[in-house]
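The block underneath contains the structure these notes are about, expressed in structure tokens.
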Amino acid sequence: KMQLEQIREEVKHILSEKRYKHSLGVEKRAAELGAIYGVDIEKAKLAGITHDIAKEMTKEEIFAYAQENGIQLSPIEREIPKVLHGKIGADICKKKYGFDEELQKAIAYHTTGAPDMDNLAKIIYLADITEENRTFDDLPKIKSLSETNLEEAMLYALNRELVSKIKEDKLIHPATLETRNEILKNRLK
């Protein structure tokens, strides 16, 4: 099993400087949120630094990787290959670093969400949005929500994502809607 420092070094060589800086930000933020919610900090850091490991692969590279590694792609994922860097990244980290299922899910789910997200996955999803290099209007709101209530923060972030996709006439991955519905259903329990 590779150590965090080694993995960080490898990710630095794989990604552009800007994307690497973002990944370091997510690693740091994931550790902060992990501490709040009692999640394994080492795992939070590992998922944070590697979450975008496949982000800069081309559409062709992503499709080729999926084919070579037997990764099933839904018709919608073929239309929006940008979301696939989570799924592909998870597989790369499994094979390259021996990441367990919990880590793989956290990486795989950070792009679309998933109804069965655990706290680590939610933390990576939110750390990705709220890391220190990000700037957007309601960032303080999501930041404070993510530090006080994981479910409410996820709901807010997912709603925000869906609204922006609708405004831009962009395709929506069904998992994003399913994740939102799951959170709302649990809220009523």
Taking NZ, NE, NH1 and NH2 as the nitrogens, is one of them in [X] or [Y] under 4.0 Å from a carboxylate oxygen of the other?
{"X": "Glu42", "Y": "Lys45", "result": "no"}
{"X": "Arg29", "Y": "Glu147", "result": "yes"}
{"X": "Asp91", "Y": "Lys87", "result": "no"}

Exercise for the section: Check step by step if side-chain contact (heavy atoms from CB on, under 4.5 Å) holds for Arg187 and Glu152. Expected result: CA-CA 9 Å; Arg187 206 188 193 187; Glu152 292 300 318; 2.9 Å; yes
Below 4.5 Å, heavy atoms only, C-beta onward: do [X] and [Y] meet side chain to side chain?
{"X": "Ile53", "Y": "Leu15", "value": "no"}
{"X": "Met154", "Y": "Leu145", "value": "no"}
{"X": "Lys96", "Y": "Ile7", "value": "no"}
{"X": "Val26", "Y": "Ile49", "value": "no"}
{"X": "Arg78", "Y": "Phe63", "value": "yes"}
{"X": "Asp100", "Y": "Lys43", "value": "yes"}
{"X": "Glu101", "Y": "Lys94", "value": "no"}
{"X": "Leu120", "Y": "Asp40", "value": "no"}

Taking all non-hydrogen atoms of both residues, which atom of [X] and which atom of [Y] are closest, and how far apart?
{"X": "Ala31", "Y": "Ala44", "result": "N-CB, 4.3 Å"}
{"X": "Gly34", "Y": "Ile41", "result": "C-CD1, 3.7 Å"}
{"X": "Ile107", "Y": "Ala90", "result": "CG2-N, 3.5 Å"}
{"X": "Ile92", "Y": "Ala54", "result": "CD1-CB, 4.1 Å"}
{"X": "Thr179", "Y": "Gly113", "result": "OG1-C, 3.2 Å"}
{"X": "Ile142", "Y": "Phe136", "result": "CD1-CE1, 4.0 Å"}

Practice task
Would you sort out whether Ile183 and Met117 count as a side-chain contact (heavy atoms from CB on, under 4.5 Å), showing the intermediate values?
Solution key: CA-CA 10 Å; Ile183 289 169; Met117 288 171 96; over 6 Å; no
Donor-acceptor pair, distance only, cut-off 3.5 Å: does the side chain of [X] make one with the backbone of [Y]?
{"X": "Gln104", "Y": "Phe99", "answer": "yes"}
{"X": "Tyr37", "Y": "Asn149", "answer": "yes"}
{"X": "Arg134", "Y": "Ala127", "answer": "no"}

Practice task
From the options Ile129, Ile36, Leu33, select the one residue that forms a side chain to side chain contact (heavy atoms under 4.5 Å, CB included) with Ser146.
Solution key: Leu33
Exercise for the section: Identify which one of His51, Lys55, Glu27 satisfies the side chain to side chain contact (heavy atoms under 4.5 Å, CB included) criterion when paired with His22. Expected result: His51
[atom2] on [Y] to [atom1] on [X], rounded to 0.5 Å:
{"X": "Glu131", "Y": "Lys143", "atom1": "CD", "atom2": "NZ", "value": "8.5 Å"}
{"X": "Asp118", "Y": "Lys105", "atom1": "CG", "atom2": "NZ", "value": "7.0 Å"}
{"X": "Glu182", "Y": "Leu155", "atom1": "CD", "atom2": "CG", "value": "12.5 Å"}
{"X": "Thr112", "Y": "Lys82", "atom1": "OG1", "atom2": "NZ", "value": "13.0 Å"}
{"X": "Lys165", "Y": "Ile172", "atom1": "NZ", "atom2": "CD1", "value": "8.0 Å"}
{"X": "Asn119", "Y": "Leu126", "atom1": "CG", "atom2": "CG", "value": "10.5 Å"}

Problem - Whether over 12 other heavy atoms sit under 6.0 Å from Lys95 NZ - result: yes
Problem - Gln72 atom CD: more than 12 heavy-atom contacts under 6.0 Å - result: no
Hey, quick one: are [X] and [Y] part of the same hydrophobic cluster, counting side-chain heavy atoms closer than 4.5 Å, chains of contacts allowed?
{"X": "Leu162", "Y": "Tyr156", "answer": "no"}
{"X": "Ile71", "Y": "Ile62", "answer": "yes"}
{"X": "Leu103", "Y": "Ile14", "answer": "yes"}
{"X": "Leu139", "Y": "Tyr125", "answer": "yes"}
{"X": "Leu171", "Y": "Val83", "answer": "yes"}

Exercise for the section: State whether a side-chain donor-acceptor pair under 3.5 Å links Glu161 with Thr176. Expected result: no
Problem - Candidate pair Asp138 and Arg160, rule salt bridge (Lys or Arg N to Asp or Glu O under 4.0 Å), full reasoning - result: CA-CA 10 Å; Asp138 48 354; Arg160 192 177 167 277; 3.0 Å; yes
Exercise for the section: Assess whether side-chain contact (heavy atoms from CB on, under 4.5 Å) is satisfied between Tyr20 and Arg8, documenting all intermediate values. Expected result: CA-CA 9 Å; Tyr20 178 64; Arg8 209 183 275 137; 3.3 Å; yes
